[in-house]
Amino acid sequence: MNYEPPAIYGIIGNPVSHSLSPVMHNAAFKALKVNAVYKLFPLEDTQELKLFMEDLKEEDNPIFGLNVTVPYKEDVLAFLDSVDPLADKIGAVNTLVIDHQRKIRGFNTDGPGFISHLAELKCDLKDKRVALLGAGGTARAIISVLCLLPQGPERIALYNRTRCNADILLKDIGQKIAVDRVEVVDEVEDLNVELADILINTTSVGLRNADDILVDPEALHKDMLVYDVIYNPAETELLAQARRKGAQVSNGLGMLFYQGALAFGHWADMELDEKTKKIMRKSLEVASVHGS
Ligand code: ATR
């Protein structure tokens, strides 16, 4: 019998146990009848990351593609042979492709994934006023792509609990991307949510059901889109309040799906067909409701 061991794909980060990526990618491998499996690779610290990345270069390593999640999306840049121009501009990668020569190339599909989901939500960003909460890795990808859009928002107001983290992030993004339309504000009230067209939460506030919301619920209104990158719980308190006010609301499951579909496209070096994409999305929706 001719038995080929499966190609290995997976996600590196800390933690990774909660990740829905295995569900989505294994569903795609199955649908496409590809002999591959997607695994979790928890890496304790940057020393473990270094060893893992060095091992990735070995000729007999069966790993051909990876996702990278918190906290290594920036650290991993040091180990790449090449970086896609968009990922280079954003300054973070979430997808690695390892070719047969064991050359490692990095991509960022978080930013494009977010934009794809907004397009699906029929959200036109041109000249819009965006209010954004948070200054972590997700904010980095979102701010970067919003600033790179040819027909992008008019203004992005950015609030973070620790103001200096927002200043540092903006300065860093500003090295490669024009960020003149972004303004860091001191207080959450200065976001002027009541005048915003889009409010985006990239903080972890809302992950626990007991979490309060960062903005004044009275400022939420029906003529806005409220986007929370959190997808578990499916409806954070922010989204619930916004929905009650008649706003268009969305959680981040669509962004997760699009970044995954784009990552898979890089591994397969082709765009996925609609049927497989539907299977991936369905698997995510089921897993996010029932727990994976
Ligand atoms: P990710 O990569 O998912 O964006 P992260 O890099 O850990 O995650 O970023 C978390 C973000 O949530 C940060 O902006 C953090 O604010 P600080 O810079 O002040 O730490 C924000 N955040 C986390 N807990 C928060 C809380 N209780 N209130 C307000 N902001 C919070």
Side-chain angles (χ1 to χ4, degrees), residues 11-21 42-43 45-46 49 66-77 87 90-95 106-115 117 130-147 156-173 179 182-191 193 199-217 219 226-233 236-239 241 250-260 263 288:
I11 181 164
I12 57 173
N14 183 19
V16 290
S17 56
H18 64 285
S19 172
L20 294 182
S21 292
L43 300 178
D45 50 29
T46 47
L49 173 71
L66 288 165
N67 286 126
V68 184
T69 188
V70 180
Y72 303 128
K73 290 185 188 190
E74 293 161 50
D75 295 323
V76 84
L77 281 163
I90 295 174
V93 304
N94 74 318
T95 301
F107 297 87
N108 187 305
T109 69
D110 288 327
F114 175 72
I115 297 296
H117 192 207
V130 174
L132 199 141
L133 297 162
T138 311
R140 172 186 285 275
I142 291 177
I143 293 167
S144 300
V145 286
L146 289 180
C147 288
I156 302 167
L158 170 60
Y159 169 79
N160 194 47
R161 173 180 61 178
T162 314
R163 176 176 172 143
C164 68
N165 288 346
D167 290 328
I168 293 166
L169 177 70
L170 198 60
K171 195 162 174 235
D172 199 55
I173 298 173
V179 289
V182 189
E183 186 197 347
V184 178
V185 299
D186 278 322
E187 304 293 335
V188 76
E189 292 74 28
D190 301 331
L191 282 176
V193 170
L199 171 65
I200 306 166
N201 176 46
T202 72
T203 75
S204 42
V205 179
L207 275 177
R208 288 165 307 218
N209 280 321
D211 277 349
D212 220 347
I213 74 172
L214 291 174
V215 299
D216 176 6
V226 179
Y227 193 101
D228 200 325
V229 300
I230 294 171
Y231 50 81
N232 187 13
T236 56
E237 188 54 26
L238 171 65
L239 292 188
Q241 298 264 11
S250 176
N251 69 25
L253 200 69
M255 178 179 176
L256 179 71
F257 159 69
Y258 280 107
Q259 69 74 32
S288 68

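Atoms within a ligand are numbered from 1 in the order they appear, just like the ligands themselves. Given the structure is predicted, the values throughout are model-derived calculations rather than measurements.
- Taking every non-hydrogen atom of Asn165 and a distance limit under 4.0 Å, the qualifying atoms of ligand 1 come out as 17 (P), 18 (O).
- No side-chain donor from either of Asp75 and Thr46 sits under 3.5 Å from a side-chain acceptor of the other.
- Note that CD1 of Ile12 is 8.5 Å distant from OH of Tyr72, once rounded to the nearest 0.5 Å.
- Side-chain contact between Val229 and Ile142: present, with at least one pair of heavy atoms (C-beta onward) separated by less than 4.5 Å.
- The distance from atom CD1 of Ile173 to atom CG of Leu146, rounded to the nearest 0.5 Å, is 10.0 Å.
- The nearest heavy-atom contact from the protein to atom 2 (O) of ligand 1 is Gly137 N, 3.2 Å.
- Ranking the protein heavy atoms by distance from atom 23 (C) of ligand 1 puts Ser204 OG, 3.1 Å first.
- The shortest distance between side-chain heavy atoms of Leu77 and Val93 falls below 4.5 Å.
- Closest protein heavy atom to atom 13 (C) of ligand 1: Asn160 OD1, 3.8 Å.
- In this view, Asp212 satisfies the salt bridge (charged side-chain N to carboxylate O under 4.0 Å, His left out) rule with no residue, not counting sequence neighbours.
- Atoms of ligand 1 found under 4.0 Å from any heavy atom of Gly134, numbered from 1 in the order shown, are 14 (O).
- Looking from atom 1 (P) of ligand 1 to the surrounding protein, the closest heavy atom is Thr138 OG1, 3.5 Å.
- Every atom of ligand 1 with a heavy atom of Ala135 under 4.0 Å away is listed here by number and element: 14 (O).
- Between Thr109 and Asn94, the side chains place a donor N or O and an acceptor N or O closer than 3.5 Å (distance only, hydrogens not considered).
- Numbered from 1 in the order shown, with element, the atoms of ligand 1 that lie under 4.0 Å from a heavy atom of Val70 read 2 (O).
- Between atom 12 (O) of ligand 1 and the options Thr202, Thr69, Thr203, the minimum heavy-atom separation is to Thr203.
- Of the options Leu238, Thr138, Leu239, Ile213, a side-chain contact (heavy atoms from CB on, under 4.5 Å) to Asn201 is made by Leu238 and by none of the others.
- The protein atom (non-hydrogen) at minimum distance from atom 28 (N) of ligand 1 is Val205 CG2, 3.4 Å.
- Within the 4.0 angstrom cut-off, atom 7 (O) of ligand 1 has no protein heavy-atom neighbours.
- Protein heavy atom at the shortest distance from atom 25 (C) of ligand 1 is Arg161 NH1, 3.3 Å.
- When side chains are defined from C-beta on, Leu191 counts as touching Leu133, because their heavy atoms get closer than 4.5 Å.
- Protein heavy atom nearest atom 9 (O) of ligand 1, with residue, atom name and distance: Gly136 CA, 3.5 Å.
- Here the protein heavy atom with the shortest distance to atom 19 (O) of ligand 1 is Thr162 OG1, 2.4 Å.
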